[in-house]
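The sequence lines fix the lettering, A, B, ..., with proteins before strands; numbering per chain opens at 1.
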2 protein chains.
Amino acid sequence: MTNDGTTAGAASKADGSATGSGDIARSLELLWGTGERPSRGPKPGLTLDRIVTAAVAVADAEGLAAVSMRRLSTELGTGTMSLYRYVPGKSELLDLMFDRVLGEPFADHPGEPPADWREAVDRMARGHLDTLRRHPWLLKINQARTVLGPSALRGLELALTGLRGMGLRDPELIGVIVAVNSFVEGLARTQADAAEAVAQTGLSDEAFWDHQHPFLERAMLSGAYPMMAGMAEDTFSSEFDHFEFGLERLIAGFDALVREREASRT
Amino acid sequence: MTNDGTTAGAASKADGSATGSGDIARSLELLWGTGERPSRGPKPGLTLDRIVTAAVAVADAEGLAAVSMRRLSTELGTGTMSLYRYVPGKSELLDLMFDRVLGEPFADHPGEPPADWREAVDRMARGHLDTLRRHPWLLKINQARTVLGPSALRGLELALTGLRGMGLRDPELIGVIVAVNSFVEGLARTQADAAEAVAQTGLSDEAFWDHQHPFLERAMLSGAYPMMAGMAEDTFSSEFDHFEFGLERLIAGFDALVREREASRT
DNA sequence: CATGAACTGGGTACACCGTACCCGATTATG
DNA sequence: CATAATCGGGTACGGTGTACCCAGTTCATG
């Protein structure tokens, strides 16, 4: 019952976009490493680890679009189809890349635990943003069905530990994590999109705005957008840090709830 | 100088993923409709509008992956390459789809303006979530270089009008919008990913968790995740509305800042 | 009114992609 | 030593975006 795998396939046709999650059972086995080598055939010349490492490297360097089975195979010096001896399909490979990279931030902070839930939230947000900046392709992987691997669990555990002091109900703690992560992801996506646009078009942001300027000018003069026309010069300046602003507001919002609860507990 | 278009290409090779923004100047012209028909050749049998409409319809029904030039051409009863007479490339088409769909929510609320900035934020968040739920593929389009079309501008104008009463500086108002939209997008992405996973694998969420259960069980019993192991039963229940929770917290956070400013203005 | 420039429609072809299928080489077991 | 099981990977198929080119249509001009 352990190894049929290849024959399944089910209703996975007509994909094309970047989504994880193909054969879940297989993904889980790979993630949690139920890896007993069969004792009959020749020894494998590759390892799952090497494949995932290569895939992450390519994705980091050239984007997820550059991660193709052919590309990986040349990178690893093997035939393309050999990869399918180790991974059931590209979807599962994406799952593995996901969990691989989620494990990174926890190696960084081995030191003291956060003093405060506020600091915990702050660290969580910055850590997540960091991860997403290092690996922007994470934002293109379907994370809904991304199997909860060891790294994902460790991250959750750490986050929950830091948030315990808030004195909220368990589902609310999850709510805090979801809110912060959603905010960070949304923001990271904007940044990643911008970077990708620069890389792909070879056009800087300034040049882009210059292109756009005459059209905006005309729109402003049309009188259809009075609010926007009257905005201060520095409104869209890159001076303003949207991450800091939003994070501060979120923490303030949590704080209000925490205080409420404390007050009602007297 | 107006129409070379086809020859350009620049550094746009090796794409594959879903990104907008190819030839910006062309996109802008198409968006703002600098559409004077040349007076020499035969009349076009198609319109940009019909193409965009068809593309949106296909994307809504079957996802962005189903939107291919060949598919659109059969949908419209023309040859594939004919589409390139109207759109320079797929990137520009995505830009147009984006702006088309952003225009929708403002047709809904022709009535009274929001009474409060709180209500304005609330409406903004719900409106955006609605749009993203109706067109989940929006989350896969590169919005960084998505040209500011008429619809996008109208949305911004409306949002800013509602937020004026907060008494914050202009860049901060943008910060509010960015925070709310980032949060909503992040959350919508999670939901969209889940829906896509169900559609693609034909596996319900429950079935998915059932698959995962034994592995989680083992992890919990390992003692490596004490916090998670001790969580309440209902912690991951779908009863809890993460959107409402996060939005409330964000508004509370904004409120704190608004009050601060009011107090210091005495 | 004839002509040719300017335009539209679209067929063919190419370089990619994921992967199903299959066969020969390798290896431990009976 | 024979055999079952596994690994490596070549070939092929159906999909993608789009460059290139030619035929047909239409209108301004000579």
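- If you measure from atom CG of A:Leu48 to atom C1' of D:dC7, you get 15 Å, rounded to the nearest angstrom.
- Side-chain contact between A:Tyr86 and A:Arg50: absent, with no pair of heavy atoms (C-beta onward) separated by less than 4.5 Å.
- Counting any heavy atom pair closer than 4.0 Å across all strands shown, A:Ser68 reaches sugar-phosphate atoms only and no base atom.
- When only modelled atom types and interatomic distance are considered, B:Arg100 and B:Thr53 share a side-chain donor-acceptor pair under 3.5 Å.
- With salt bridges taken as basic N to acidic carboxylate O contacts below 4.0 Å, one links B:Lys140 and B:Glu196.
- Distance, A:Arg85 CZ to C:dT19 P: 15 Å, rounded to whole Å.
- For the atom pair CD of A:Gln191 and CG of A:Leu132, the computed distance is 9.5 Å after rounding to the nearest 0.5 Å.
- In this structure, of D:dT6, C:dT19, C:dG9, it is D:dT6 that holds the atom nearest to the side chain of A:Pro42.
- Between atom CZ of residue B:Arg85 and atom CG of residue B:Leu46 there is a gap of 12.5 Å, rounded to the nearest 0.5 Å.
- A heavy atom closer than 4.0 Å to some atom of DNA chain C occurs in B:Thr78, B:Gly79, these being the qualifying members of residues 71-79 of chain B.
- Here D:dT16 presents its P atom at 13 Å from CG of B:Leu64, a figure rounded to the nearest Å.
- One finds a side-chain N or O of A:Ser82 lying less than 4.0 angstrom from the OP1 or OP2 phosphate oxygen of D:dG9.
- At whole-Å resolution of the value, CE in B:Met81 and C1' in C:dC14 are 12 Å apart.
- Listed nucleotides C:dG9, D:dG17, D:dC27 differ in distance to B:Met69; the shortest reach to its side chain belongs to D:dG17.
- The B:Lys90 side chain lies nearest to D:dT18 when the options are D:dT18, D:dG10, C:dT26.
- Rounded to an integer number of Å, the gap from B:Lys43 NZ to C:dG9 P is 13 Å.
- The closest side-chain heavy-atom distance from B:His213 to B:Arg218 is not below 4.5 Å.
- Distance CD (B:Glu92) to P (D:dG17): 13 Å, rounded to an integer number of Å.
- What separates CG of A:Leu46 from P of D:dG8 is a distance of 7 Å, to the nearest Å.
- Between the OH atom of B:Tyr84 and the P atom of C:dT8 there is a distance of 17 Å, given to the nearest Å.
- At a cut-off of 3.5 angstrom, counting only N and O atoms as typed in the model, there is a donor on one side and an acceptor on the other between the side-chain of A:Arg70 and the base of C:dG18.
- Between the A:Thr80 side chain and the A:Ser73 main chain, no donor and acceptor come within less than 3.5 Å of each other.
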